[in-house]
2 protein chains.
Amino acid sequence: MPSHKNRKVTQMDVARYAEVSTGTVSRVVNNIPLVDGPTRTKVLRAIEELGYIPNHAAQALAQGRTKSLLLLILDKQPILPSTWQYELPVLQGINDYIKKHGYTLQIEITNYGQGETAEDVGDTILRGRSVDGLLILTSWEIDEEMLRKIHGYAIPAIFIGNGPYRCGGHPVGASVRFDNYSVIRETYRILYGLGHRRIAFIKGSTDQIHSSIRLSAFLDAAAESGTELPGPYLAEGHYSVQGGYQAMYGFARLTERPTAVICANDLMAIGAMKAAAELDIPVPRELSITGFDDIEISEYLSPPLTTVRVPAYDLGKNGASLLIRQIEQGTPPEDTLLPAAIVLRKSTDKNAG
Amino acid sequence: MPSHKNRKVTQMDVARYAEVSTGTVSRVVNNIPLVDGPTRTKVLRAIEELGYIPNHAAQALAQGRTKSLLLLILDKQPILPSTWQYELPVLQGINDYIKKHGYTLQIEITNYGQGETAEDVGDTILRGRSVDGLLILTSWEIDEEMLRKIHGYAIPAIFIGNGPYRCGGHPVGASVRFDNYSVIRETYRILYGLGHRRIAFIKGSTDQIHSSIRLSAFLDAAAESGTELPGPYLAEGHYSVQGGYQAMYGFARLTERPTAVICANDLMAIGAMKAAAELDIPVPRELSITGFDDIEISEYLSPPLTTVRVPAYDLGKNGASLLIRQIEQGTPPEDTLLPAAIVLRKSTDKNAG
DNA sequence: CTGTTAGCGCCTTCAG
DNA sequence: CTGAAGGCGCTAACAG
């Protein structure tokens, strides 16, 4: 593919060069079968030799589709590293999938609720249907106003990590999530199976959607097992190291200290481990601790942390896949729930009590 | 803004409704001053009432510009959490800046060198000039082939985090970086000022561009200070917890153990601290340790880690700003070097030797 | 100041 | 199977 000085090679140039009409070039470019072998070859050579590349805007205008998707990331906080850790593999999953399918990705990060109104959000996309579909990534609950707006776009949409949502009767996009509930319940059962009967839970900020699901999974599991009622064994850790640390100090003060603590994320588990170390409570001998997220360092803690690995990459991949299918084949969206995996490491063990 | 059933409201509709021509509508939309007050008002009302939104593709086609930028993320590894930590604030900085200026962001993540050739990369952008400018984000050295390709695009480009580069004589895009060199040198000096004379360095993977700069900063600082020649005080830690851990074990074996260790990132510092703990070397009493990146947990380690905070957000913001200025005003690109800040915490102290 | 009219580059009927 | 031609929605140069 030699380099060419001339700025823009157009379909017309190719047509002339190959001695055919622009219509034929178009057919070749779009892989429409109704083209004779030799003609197609001629055209392909012309394209190659001239270094022709179709103009995206012109295609979009003529076909009424852009082959572009918008990933809308809704976050309330300016930046939250632990959230990024989850969101980036999702982005990567989307990226990898759509690239294979000839789509392009636009992205917009928006601090909805912090200075931006629902009106601002996705202004980009409205600006002239510059996108064929919408992926919405957030760990927060989506309010009515936002839902109405998304629904108003009348564009295929997928929620990643939450939903499904409805707006005024009908669904607003499909949902691709991972199973927060089952994995926490399973974690509880494993601990129970190890002989633990006083199992505590450090929850995260309650307005985060994953947080409330994890909490109810814990509560349900506790109820099912007929163990101690959670009451004092429940603390708020705000998803931070600090929060986990303080929560653990609270638990340690109880006369009947928990023998296991499930944390709604790894950072809180790290805080809890730190507190346990300070309080001379050996982990896992006298206290089992579990986390959630499997962040990079969890493996290197002392002891290495038992935690949950979230299928973030697959979340993105599946979301993109569903969305593209819907766009191209009109397949009605179908909600998906991916499993999350427990990673057993050394921070959990049999109850020695 | 009432909702409208009709699919697409076009400029023509607005023109008819406001009883003007499409040209006038266009002028209003584009804020071209040559429109009479009353006329403008009429048009604006019509736009409002009909819910008109200009079609992006049509604008792009007519004006030959897309008001869209491409962020190209080049990474060799599939996913590297520590890299994400740095790249996401950059993305956020870009996002925030361009949104204010009416630009849209496309993103492409590419594993150059792992299955993808330079030919594949940025295929998106080539596909019809669907973008006005290019931001390139990577921590790796960029090879000649890639440079030639980027240069061939003949599109404004900015390198974030590396560069500046040249290709066959002339520069290929401007560069926005942060000052790896000075901050490591300064770290060395601070340690020297604290009385340390045996200062070791754990470097990262040498093909990462930041890594080699940090290394030479260390070497230069050591030479300037006339302290022990680095020789044995230099180890490779591959930017991982594991690597830092092993490197520290190596240092501990020396007859003249270093009294301070500078690590090229926080993960390695964590590994080093872990090793120190196992070896019963108190930090910071007998060993000062510093990191780089200021990742989320560094603040909560025992002791909290002295490290370097990278201006990632500003990197993105400045990159976007430079790029847009270049696109809109043709201002020649100007390389930028942002300062990085040392965050002094408890892992460093006077040399007690 | 405003209307008219060519395109922008490509797709897609409609003939042939 | 292929060429011709209208049109996607908007902008910009040119009249008036």
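The figures that follow rest on heavy atoms only: side chains count, while hydrogens, waters and symmetry mates do not. This is a predicted model, so every value here is computed, not measured.
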Problem set entry | Smallest separation among heavy atoms of Ile98(A) and Ala320(A), with atom names | CG2-CB, 3.7 Å
Problem set entry | Flag, side chain of Asp132(B) to backbone of Lys67(B), donor-acceptor distance under 3.5 Å | yes
Exercise. Toward the 5' end of DNA chain C, which comes first, Thr24(B) or Ala58(B), by nearest nucleotide?
Worked result: Thr24(B)
Exercise. What nucleotide, of dC1(D), dG9(D), dG3(D), holds the atom closest to the side chain of Asn55(B)?
Worked result: dG9(D)
Exercise. When the distance from NE2 of His56(B) to C1' of dC10(D) is rounded to whole Å, what number comes out?
Worked result: 12 Å
Exercise. What does Val35(B) touch in the nucleic acid at a heavy-atom separation under 4.0 angstrom: a base, only the sugar-phosphate, or nothing?
Worked result: sugar-phosphate
Exercise. Between Asp36(A) (side chain) and Thr39(A) (backbone), is there a donor-acceptor pair under 3.5 Å?
Worked result: no
Problem set entry | Rounded interatomic separation in angstrom, taking CD from Gln11(B) and C1' from dG9(D) | 7 Å
Problem set entry | Whole-Å gap separating C1' (dA4(D)) and CE (Met12(A)) | 11 Å
For this session: Measure the CD1-CD distance between Ile155(A) and Gln326(A) for me, rounded to the nearest 0.5 Å.
Result: 10.0 Å
Exercise. Side chain of Asn162(A), backbone of Trp140(A): donor and acceptor closer than 3.5 Å?
Worked result: yes
Exercise. Side chain of Val20(A): nearest nucleotide among dG3(D), dT2(D), dC10(D)?
Worked result: dG3(D)
Problem set entry | Value in whole Å for how far the C1' atom of dC10(D) lies from CD1 of Ile53(B) | 15 Å
For this session: May I ask you to decide if Asp314(B)'s main-chain N or O and Asn318(B)'s side chain share a donor-acceptor pair within less than 3.5 Å?
Result: yes
Problem set entry | Which residue lies more 5' along DNA chain C, comparing Asn30(A) with Gly37(B) via nearest heavy atoms | Gly37(B)
Problem set entry | Nucleotides bounding contact with chain B, strand DNA chain C, heavy-atom threshold 4.0 Å | dC1(C) to dG9(C)
Exercise. Aromatic rings Phe159(B) and Tyr165(B): how do their planes relate, parallel, tilted or perpendicular, breaks at 30° and 60°?
Worked result: perpendicular
Exercise. Roughly how many Å is it from CG in Leu61(A) to P in dG7(D), rounded to a whole number?
Worked result: 14 Å
Exercise. To the nearest Å, how far apart are Leu34(B) CG and dG16(D) C1'?
Worked result: 15 Å
Exercise. Rounded to whole angstroms, how far apart are CZ on Arg27(A) and P on dC1(D)?
Worked result: 11 Å
Problem set entry | Presence of Ser26(B) side-chain N/O under 4.0 Å of dA12(D) phosphate oxygens OP1/OP2 | no
Exercise. Does Gln59(B) make a side-chain N or O approach to OP1 or OP2 of dT11(D) shorter than 4.0 Å?
Worked result: yes
Exercise. Arg16(B) CZ to dG9(D) P: how many Å, rounded?
Worked result: 12 Å
